[in-house]
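Remember, it's a predicted structure, so these values are computed and weren't measured experimentally.
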Amino acid sequence: MRTRVHGWRWRNNPLRRRSDVVEAWTALAVAVLLLVGAPLAGALAGLWAHDGARTVAAAQRAERHRVRAEVTGGTPHQLPSVPGGREHAYRATVRWTEPGDRVRTAVARVPAGSRQGDVVDVWFDSEGRGVAPPPNDVAVWQHSVAVGLCAAGGAAAVTLLGHGVVRRVSLRHRMSEWEREWARTGPEWTRRKA
């Protein structure tokens, strides 16, 4: 049967070594960093990413414009199969009428499954190139949460890695302290009695 004494590294006793104190303080620092530091790093990184993504989305919304256009050609007869059953957009020729009755034709991204004659929403940049739609609020939040989770996970991983290094160095110092103590007291214990 084994009795465990809690907090022995904090108490002053003859068996406590300097490495024990360092390891105790390190464990406390690791607990604080994991419970407070990592979530705080994740939250700050997520907020920073949210601001950046919102700015990019607003700039793209200002630069890009949506047009209702008719698909006129270039649609593939057989789309390649994608694992998971997701269908992606592809490029096709579309035609639309601008204000002033000017008819325009361009190659743009159209949703998968669009056929010739379908009316679809397509996006163009300021130079008239077909582009993807700007990110919506859901995409901005998904990006922010992903960055925040990665930052929190990275902070936790760095903390745990640092703790492992400190424990290994502490163990090495503890063993050398024990060796020095045994070299000093060992001869007294192993002396032959006459």
Side-chain angles (χ1 to χ4, degrees), residues 1-64 80-89 109 112 131-194:
M1 190 156 166
R2 200 169 132 184
T3 304
R4 187 171 183 114
V5 179
H6 296 289
W8 68 273
R9 290 182 177 155
W10 300 102
R11 295 188 187 131
N12 201 1
N13 68 52
L15 296 178
R16 185 186 72 178
R17 304 282 180 237
R18 185 172 157 251
S19 59
D20 296 328
V21 175
V22 168
E23 194 172 342
W25 280 106
T26 303
L28 181 65
V30 165
V32 169
L33 287 173
L34 287 178
L35 295 175
V36 177
L40 185 62
L44 291 175
L47 289 173
W48 173 77
H50 183 71
D51 287 344
R54 244 183 23 197
T55 303
V56 167
Q60 287 182 358
R61 278 189 217 108
E63 177 190 71
R64 299 176 182 187
S81 61
V82 178
R86 290 178 34 193
E87 296 179 349
H88 295 283
R109 290 175 154 205
V131 293
N136 59 10
D137 289 339
V138 172
V140 168
W141 276 106
Q142 286 174 341
H143 174 73
S144 304
V145 168
V147 168
L149 288 175
C150 287
V158 166
T159 300
L160 292 174
L161 181 67
H163 180 61
V165 168
V166 168
R167 279 189 57 109
R168 175 168 260 168
V169 169
S170 179
L171 179 64
R172 208 175 283 155
H173 284 310
R174 183 180 309 120
M175 289 298 124
S176 68
E177 287 174 346
W178 278 104
E179 287 291 326
R180 282 194 305 270
E181 286 290 325
W182 183 251
R184 195 184 62 168
T185 59
E188 293 177 15
W189 285 63
T190 56
R191 232 186 295 170
R192 290 191 180 189
K193 298 196 180 193

Indicate the atoms forming the closest heavy-atom contact of A151 with G42, along with that distance. CB-CA, 4.1 Å

Using every non-hydrogen atom in the two residues, find where A156 and A38 come nearest and quote the distance to one decimal. N-CB, 4.1 Å

Set out, in order, the CA-CA distance, both residues' side-chain angles and the distance that settles side-chain contact (heavy atoms from CB on, under 4.5 Å) for R167 and T26, then state yes or no. CA-CA 8 Å; R167 279 189 57 109; T26 303; 5.9 Å; no

Of all pairs that satisfy side chain to side chain donor-acceptor pair (under 3.5 Å), the ones with a partner from residues 54-63, not counting sequence neighbours: none

Is it the case that more than 12 heavy atoms not belonging to W182 sit under 6.0 Å from its CH2 atom? yes

Non-hydrogen atoms of R109 and A132 that approach each other most closely: NH1-CB, 3.2 Å

For residues A139 and P135, report the shortest heavy-atom separation together with the two atoms involved. CB-CB, 3.9 Å

Search all heavy atoms of L35 against all heavy atoms of P39 and return the closest pair with its distance. O-CG, 3.5 Å

With sequence neighbours excluded, residues passing ring-ring contact (aromatic ring centres under 6.0 Å, His included) with H50: W141

With sequence neighbours excluded, tell me which residues meet side chain to side chain donor-acceptor pair (under 3.5 Å) with R184. E181

Ignoring hydrogens and angles, tell me if any N or O in the side chain of R168 forms a donor-acceptor pair with the backbone of H163 under 3.5 Å. no

Looking at every heavy atom in both S144 and A49, which two are closest together, and how far apart are they? OG-C, 4.0 Å

Any side-chain heavy atom of L34 sitting closer than 4.5 Å to one from L160? yes

